[in-house]
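Below is one structure, written out as structure tokens; comments come after it.
The sequence lines fix the lettering, A, B, ..., with proteins before strands; numbering per chain opens at 1. The figures that follow rest on heavy atoms only: side chains count, while hydrogens, waters and symmetry mates do not.
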Amino acid sequence: MRRAAGLALATIALIATGIWIGFNVNLLPVVASANAPVYDDLFKLLFSIGIILFVGITIVLVYSLFKFRRRVGDQGDGLAIEGNLPLEIVWTAIPAVVVLFIGIYSYDIYERMGGMTSFHDHSAMLAGASDNASGIGAELASNIEVKAHPEIANTEQGKRYWAGIASMDDPDNKTLPVDVTAMQFAFIFHYPEGNITSGELHVSAGQPVQLRMEARDVIHAFWVPQFRLKQDIIPGQPTLLSFTPTKPGTYPIVCAELCGPYHGGMRTNVVVHDPDSFQTWLDQNRQPAISA
Amino acid sequence: MTIANPNDFNEPLQPSGWLRYFSFSLDHKVIGIQYLVCGFIFYLIGGALAGVIRVELASPISDFVSRDTYNEVLTLHGTIMIFLWIVPVVNGGFGNYLIPFYVGARDMAFPRLNAVAFWMIPPAGMLLISSYFLAGAAAQSGWTAYPPLSLTTPAAGQVVWILSVLLLGGSSIFGAINFIATVLKLRRPGLKLMQLPMYCWAMLGTSILAVLSTPVLAGTLILLSFDIIAHTGFFNPTLGGNVVVYQHLFWFYSHPAVYIMVLPAFGLVSEILPVHARKPLFGYVTMVYSIMAIVFLGLIVWAHHMFTSGTPPWMRLFFTIATSFIAVPTGIKFFNWLATLWGGRIAINSAMLFACAFILNFVFGGITGVALAQVPFDIHVHDTYFVVGHFHYIVYGGTVFVIFSSLYHWYPKFTGRLLNEDLGRLHFLLTFIGFNLCFLPQHWLGLNGMPRRVAEYDPAFTTLNQISSVGALLMAISTLPLLINVVVTAFKGEIAGDNPWNALTPEWLTSSPPPVENWPGEAPLVKEPYGYGHTEPALAQEATP
Amino acid sequence: MTTSPVQTASEPNPSPSGQANAPLSIETSELPLDHSHGAHLDVRMFGLATFLVADGMTFAGFFAAYLTFRAVNPLPPGSNYELELILPTINTVILIISSFTFHRAGKECRADRLGASRVWLAITGALGAAFLAGQMVEYFSLPFGLTENLFASTFYALTGFHGLHVTLGVICIAIVALQTHRGGQVTAANHFGLEAAELYWHFVDVIWVVLFGLLYLL
Ligand code: HEA
Ligand code: HEA
Ligand code: CUA
Ligand SMILES: [Cu+2]
């Protein structure tokens with residue numbers, strides 16, 4: 001009885017410690033976008049569960065190595081226990097429940113980050129993009145049409161979009177569209193509004209941004225650790241990525257897909273302005289529209 | 001009693017003595033050793049390449065080797081470690097040596113195919129490495145060889161890489177066919193499937209995976225080579241091809257490949273733990289089912305490597321759930337091992353130290369794996385050092401630790417001599433510390449913004465990278481006691497006797513090293529390979545020093 | 001070692017000095033030294049079947065790639081990939097018939113009518129060669145080349161890889177036919193070569209039928 005109570009107590013202590021560490025030890029960089037805190041919620045949960053499992057298993061292992069070590073001269077065998085069905089059911093069920101819980105929770109997180117966007121709720125499509133812009137789920141459907149009309153396959157009309165995270169709450173339609181071209185070994189940002197071309201990404205805190213990304217040569221990936229966002233940019237697959245920066249500052253943009261010898265040098269910055277200074281930046285860099 | 005040697009293929013003209021290890025021998029024990037030694041040489045080469053990586057990364061600028069060379073080095077490192085070290089050693093090496101003993105046969109089902117499978121490896125390995133010197137440049141698009149990058153880097157090196165991987169894949173398929181046939185068809189009369197040692201089940205599962213998935217890789221690489229040589233456009237977007245299809249096909253092999261690397265290791269651990277804990281393997285039946293569950297799940301989770309490749313949301317979700325569930329059968333195995341230890345009489349020797357450290361390392365790597373399986377989590381850390389940390393915890397902390405453990409356990413079987421324990425413990429200590437020092441910080445690096453496959457990085461990450469490099473140095477040093485131990489012991493080691501561990505699995509019920517025909521007489525029928533403690537344990541005996 | 005552990009007859013631990021005295025749970029008996037043809041044939045056919053599963057997976061990978069390309073990648077405007085149906089249909093029929101003729105050859109062989117078996121083998125080989133010839137004719141009459149477009153490349157890769165298998169099969173048939181002729185390498189009692197070739201040939205046929213359905217009919 002006392003042993004059972006001790007065991008229960010130890011388990012509770014372990015779980016409490018795990019949760020405390022998970023929620024109080026921060027291993028992640030600064031939070032600078034709207035979906036970063038959502039991501040961090042998931043991280044804290046995973047970190048807690050990980051600590052509990054790992055520390056728990058370590059304790060059991062080290063304890064049994066110590067407790068059941070063979071004494072000098074002992075030639076005997078241990079107990080001939082070959083299995084224990086209830087016990088085995090328990091340790092099948094617990095991980096199953098845990099992973100199910102993790103899976104459902106991360107689905108919820110993903111939904112909140114905007115990853116589950118389907119074709120239909122694209123209220124916030126790019127101004128210039130066609131109605132065909134979609135996640136790949138709808139991409140197959142739209143593709144059939146394109147095949148039927150090969151002549152439009154390469155026009156703006158027929159262009160299909162792949163989506164990483166593509167939805168946003170944008171009731172006032174304030175989204176800032178930016179075209180991104182990735183090439184060996186640079187990102188080029190182009191602002192349709194104002195016809196600005198830049199090597200750095202400038203955005204305004206609080207204003208949603210939608211990137212329309214294309215790759216020139218090989219696969220690259222757009223990653224801003226402080227935004228907790230990453231999306232491959234694959235040649236032949238124009239891709240949308242949406243986010244809302246929240247914290248002014250300068251953060252690195254890192255290419256995260258091996259793209260050649262200078263892959264490691266393919267980095268630039270994203271500058272998150274406060275709204276006023278962003279307006280200033282826009283005004284200073286605005287180019288007169290060139291008539292074609 | 002005279003027994004006709006059933007190995008009618010063992011022609012008398014086969015060389016004997018050490019020369020036989022350089023011959024086209026058909027003896028499964030010789031082939032097993034050939035795999036082990038050959039694999040270990042490639043481990044040293046792959047490790048030396050890792051050394052180049054870690055020296056380069058000791059400073060944030062690209063200064064030690066040129067950028068192209070860095071990519072060649074990391075490609076060769078990944079390819080060599082996977083295809084020439086881990087896969088051949090845990091499958092071909094220990095598999096060939098042990099499986100015939102375990103099923104009570106005198107050899108594998110197809111000895112000739114077996115020898116062919118082995119002898120495909122050295123040429124393939126030499127081809128791969130020589131591409132660095134001969135073809136002008138080795139492949140430099142990573143071990144994943146994603147197009148279009150692999151179509152634009154120097155063609156000769158990439159083609160040689162493909163050729164070499166095709167050869168190694170073929171070798172792996174032949175080996176797998178042999179294992180399946182041996183386990184299912186060559187069992188001695190009276191031996192039931194559910195009486196086989198666990199390693200047989202692990203090899204059966206592994207071989208099923210290899211037979212089902214390796215050919216897909218072969219087909220994919222053939223298409224890739226067409227793209228390079230004949231300028232077709234399967235994976236070339238400028239010619240209308242689709243690069244994501246390559247990724248699907250590649251990972252359809254390469255995810256199962258990670259279980260091809262780890263299931264045999266699970267099997268080996270299941271043999272080692274009961275012997276040194278002197279207890280039956282806990283939960284034999286659930287162990288068998290969990291292996292098969294891992295095989296099944298392993299085939300349907302590949303797209304978790306492609307969460308940022310623009311796959312449809314439903315697909316990401318499916319692969320998240322399927323991947324997470326692998327934790328369940330894997331967890332069963334780990335809890336069963338812990339239960340095997342519980343209440344035993346555990347001998348804490350080098351074999352056990354490595355085996356127990358394997359449990360810790362793998363659980364750590366498995367937990368980060370389950371985290372990676374969550375799409376939103378993976379979006380941040382994909383292609384970063386977090387992933388590098390994850391898989392080195394598994395491939396090194398898991399499989400390589402098991403290989404070392406197995407070496408201490410079966411070396412007396414191979415040679416009749418015991419490896420030195422003091423050197424063994426030193427080896428363990430250096431490896432364990434070096435390993436954690438090297439790979440633990442990488443998780444933090446990944447979370448905070450260091451991508452993988454880079455020769456230069458943000459100077460903010462310098463300190464942690466240097467710690468990691470020191471860890472790698474320790475690991476390099478740790479190979480010294482091992483090498484000394486293996487070489488010196490072979491000549492001067494303590495004589496082990498036939499069964500130094502008092503083990504019950506069949507390979508120990510013959511002389512060490514065993515005769516060509518495995519047993520001088522009949523093959524024993526071992527119905528309970530883990531029957532420890534069934535009768536009164538032997539009376540405790542004071543060992544006189 | 002000055003003292004040796006006390007050992008009882010039923011003790012599970014073999015003595016540390018090393019003789020493997022068998023513990024209780026271990027019985028010994030003769031190995032299956034019986035290398036009679038039946039058992040051996042069984043293992044070899046099993047090995048071949050496993051290999052064919054692997055080979056089938058290569059095709060499965062190609063098929064999956066082909067289907068995905070079709071579903072996702074539009075062809076460039078104006079590209080031509082119309083396929084004639086007549087010749088491939090004839091080819092399909094030829095290949096299916098050849099499966100039956102091979103089956104017949106096997107039956108004759110098992111009934112120890114080697115002469116008849118050889119004739120049926122020859123017919124099968126001829127049908128296989130006819131298939132290959134038909135394939136060649138088709139290749140030369142097609143309006144597109146290997147690198148024309150994605151569909152063309154996939155078409156040639158799939159049919160070419162299959163054609164390679166047929167070629168190999170024809171060579172095997174030739175060898176087996178020779179073996180029924182000479183030296184008693186293939187006889188009613190020992191016909192592994194023939195059975196293996198037959199299994200392989202049926203496999204190649206089945207693959208073709210799937211391939212035909214996917215490439216020409218879908
Ligand atoms: C032997 C090799 C091996 C093994 C066994 C594994 C096992 C696992 N791996 Fe890993 N993995 C690799 C080798 C391996 N991996 C490699 C080489 C890469 C990188 C490839 C590249 O890009 O170059 C990679 C990458 C990789 C990724 C892609 C990351 C990315 O690129 O973004 C993912 C994502 O899901 C993943 C997940 C997993 C999971 C869930 C397991 C699971 O099988 C782990 C299951 C085990 C446990 C969970 C521990 C024991 C269980 C318990 C104690 C029960 C309780 C646990 C819970 C309830 C959680 N791995
Ligand atoms: C499968 C097994 C495996 C093993 C065992 C290892 C072992 C090691 N690996 Fe590796 N690794 C991979 C598989 C493996 N790796 C893969 C698949 C990749 C991905 C590649 C890619 O991105 O494409 C990778 C990538 C990889 C990277 C990331 C590179 C990058 O992304 O830029 C790093 C960086 O630290 C690294 C380090 C190490 C180290 C320090 C070891 C150490 O554990 C090695 C320890 C061993 C030694 C140090 C040997 C000691 C011997 C000597 C030194 C003797 C000297 C020899 C001669 C003179 C000939 N590995
Ligand atoms: Cu662009 Cu890496
Ligand atoms: Cu995987």
Side-chain angles (χ1 to χ4, degrees), chain A residues 27-29 39 42 46 50 53-54 57-58 60-61 64-65 68-70 73-80 82-83 88 91-92 95-96 99 102-103 106-107 109-110 113 115-116 135-137 162 218-219 221 225 228 230-232 234-237 239 254 256-259 261-265, chain B residues 67-68 142 148-149 237 243 277-280 282-283 286 308-310 312-313 320-321 324-325 327-328 331-332 335 338 341-348 356 359-360 363-364 367 371 374-377 379-380 382-383 444 447-449 451 453-456 532-534 537-538 540-543:
Chain A
L27 298 177
L28 288 160
Y39 178 93
L42 174 66
L46 290 172
L53 281 170
F54 181 69
I57 288 174
T58 310
V60 173
L61 181 73
S64 37
L65 282 186
F68 304 113
R69 70 186 187 279
R70 193 186 299 176
D74 185 351
Q75 300 274 342
D77 286 353
L79 300 170
E82 304 208 311
E88 287 172 64
W91 65 51
T92 310
V99 292
I102 294 177
S106 69
Y107 168 79
I109 295 280
Y110 196 45
M113 285 168 72
M116 292 304 294
I136 198 177
W162 276 254
V218 301
I219 308 176
R228 317 279 193 273
K230 180 181 295 112
Q231 181 60 42
D232 284 6
I234 296 176
Q237 288 191 3
T239 304
V254 182
E257 182 70 51
L258 179 62
C259 53
Y262 286 84
H263 162 58
Chain B
R67 293 176 172 82
D68 303 59
L149 184 63
V243 300
R278 315 245 26 108
K279 269 193 65 195
F282 195 90
T286 43
T308 64
S309 300
T320 285
I321 301 286
S324 307
F325 265 96
V328 177
I332 293 175
F335 296 125
L338 289 177
L341 294 176
W342 192 268
R345 307 268 178 98
I346 304 168
I348 302 180
C356 294
I359 295 184
L360 293 187
V363 167
F364 192 94
I367 287 169
Q374 314 307 316
V375 200
F377 181 87
I379 283 177
H380 176 49
H382 171 66
D383 261 334
W444 193 89
L447 287 171
N448 280 275
R453 296 169 164 176
V454 294
E456 56 214 296
Y532 301 101
H534 270 320
Q541 196 74 33
E542 283 300 317

[atom1] of [X] to [atom2] of [Y]: how many Å apart, nearest 0.5 Å?
{"X": "A/Leu27", "Y": "B/Leu447", "atom1": "CG", "atom2": "CG", "value": "6.0 Å"}
{"X": "A/Leu79", "Y": "B/Tyr532", "atom1": "CG", "atom2": "OH", "value": "15.5 Å"}
{"X": "B/Leu149", "Y": "A/His263", "atom1": "CG", "atom2": "NE2", "value": "10.0 Å"}
{"X": "A/Leu61", "Y": "B/Trp342", "atom1": "CG", "atom2": "CH2", "value": "11.0 Å"}

Measure distances from [X] to the heavy atoms of chain B and classify the residue's part below 4.5 Å as side chain, backbone, both or neither.
{"X": "A/Glu88", "result": "side chain"}
{"X": "A/Ile234", "result": "side chain"}
{"X": "A/Leu42", "result": "side chain"}
{"X": "A/Leu46", "result": "side chain"}

Worksheet item: So A/Ile102 and B/Ser324, side chain to side chain contact (heavy atoms under 4.5 Å, CB included) or not? Walk me through it.
Response: CA-CA 8 Å; A/Ile102 294 177; B/Ser324 307; 5.7 Å; no
If we define contacts as heavy-atom pairs under 4.5 Å, which of [options] has the most with chain A?
{"options": "B/Ile348, B/Leu360, B/Val243", "value": "B/Leu360"}
{"options": "B/Ile321, B/Asn448, B/Val328, B/Val363", "value": "B/Asn448"}
{"options": "B/Pro148, B/Gly331, B/Ala327", "value": "B/Pro148"}
{"options": "B/Ala371, B/Ala277, B/Ala455, B/Cys356", "value": "B/Cys356"}

What option among [options] has the most heavy-atom pairs under 4.5 Å with chain B?
{"options": "A/Pro95, A/Gly103, A/Gly50, A/Ser106", "answer": "A/Ser106"}
{"options": "A/Phe54, A/Tyr107, A/Trp91", "answer": "A/Trp91"}
{"options": "A/Val99, A/Ile219, A/Leu53, A/Ile109", "answer": "A/Val99"}

Over all heavy atoms of both residues, which pair between [X] and [Y] is shortest? Give the atoms and the distance, please.
{"X": "A/Glu82", "Y": "B/Pro280", "result": "OE2-CB, 3.8 Å"}
{"X": "A/Met113", "Y": "B/Pro376", "result": "SD-CB, 3.7 Å"}
{"X": "A/Val254", "Y": "B/Gly449", "result": "CG2-O, 4.4 Å"}
{"X": "A/Asp232", "Y": "B/Ser309", "result": "OD2-OG, 3.5 Å"}

Worksheet item: Where on B/Ile346 is there a heavy atom nearer than 4.5 Å to chain A: the side chain, the backbone, both, or neither?
Response: both
Worksheet item: Between A/Arg70 and B/Arg345, is there a donor-acceptor pair closer than 3.5 Å when you use the side chain of the first and the backbone of the second?
Response: yes
Discussion item. Closer than 3.5 angstrom, by distance alone: can the side chain of A/Lys230 be matched with the main-chain N or O of B/Thr308 as a donor-acceptor pair?
Written reply: no
Item to complete: Please list, chain by chain and in numerical order, all residues satisfying ring pair (Phe, Tyr, Trp, His ring centres under 6.0 Å) with B/His380, sequence neighbours excluded.
Response: A/Tyr39, A/Trp223
Item to complete: May I ask you to test the B/Phe335-A/Ile57 pair for a side-chain heavy-atom distance under 4.5 Å?
Response: yes
Worksheet item: Should A/Tyr110 and B/Ile379 count as side-chain neighbours, where that means a heavy-atom distance under 4.5 Å?
Response: yes
Discussion item. Exactly one of B/Leu341, B/Leu338, B/Ile359 should register a side chain to side chain contact (heavy atoms under 4.5 Å, CB included) with A/Val60. Which one does?
Written reply: B/Leu338
Worksheet entry | Non-neighbouring partners of A/Arg228 that pass salt bridge (charged side-chain N to carboxylate O under 4.0 Å, His left out), sequence neighbours left out | A/Asp40
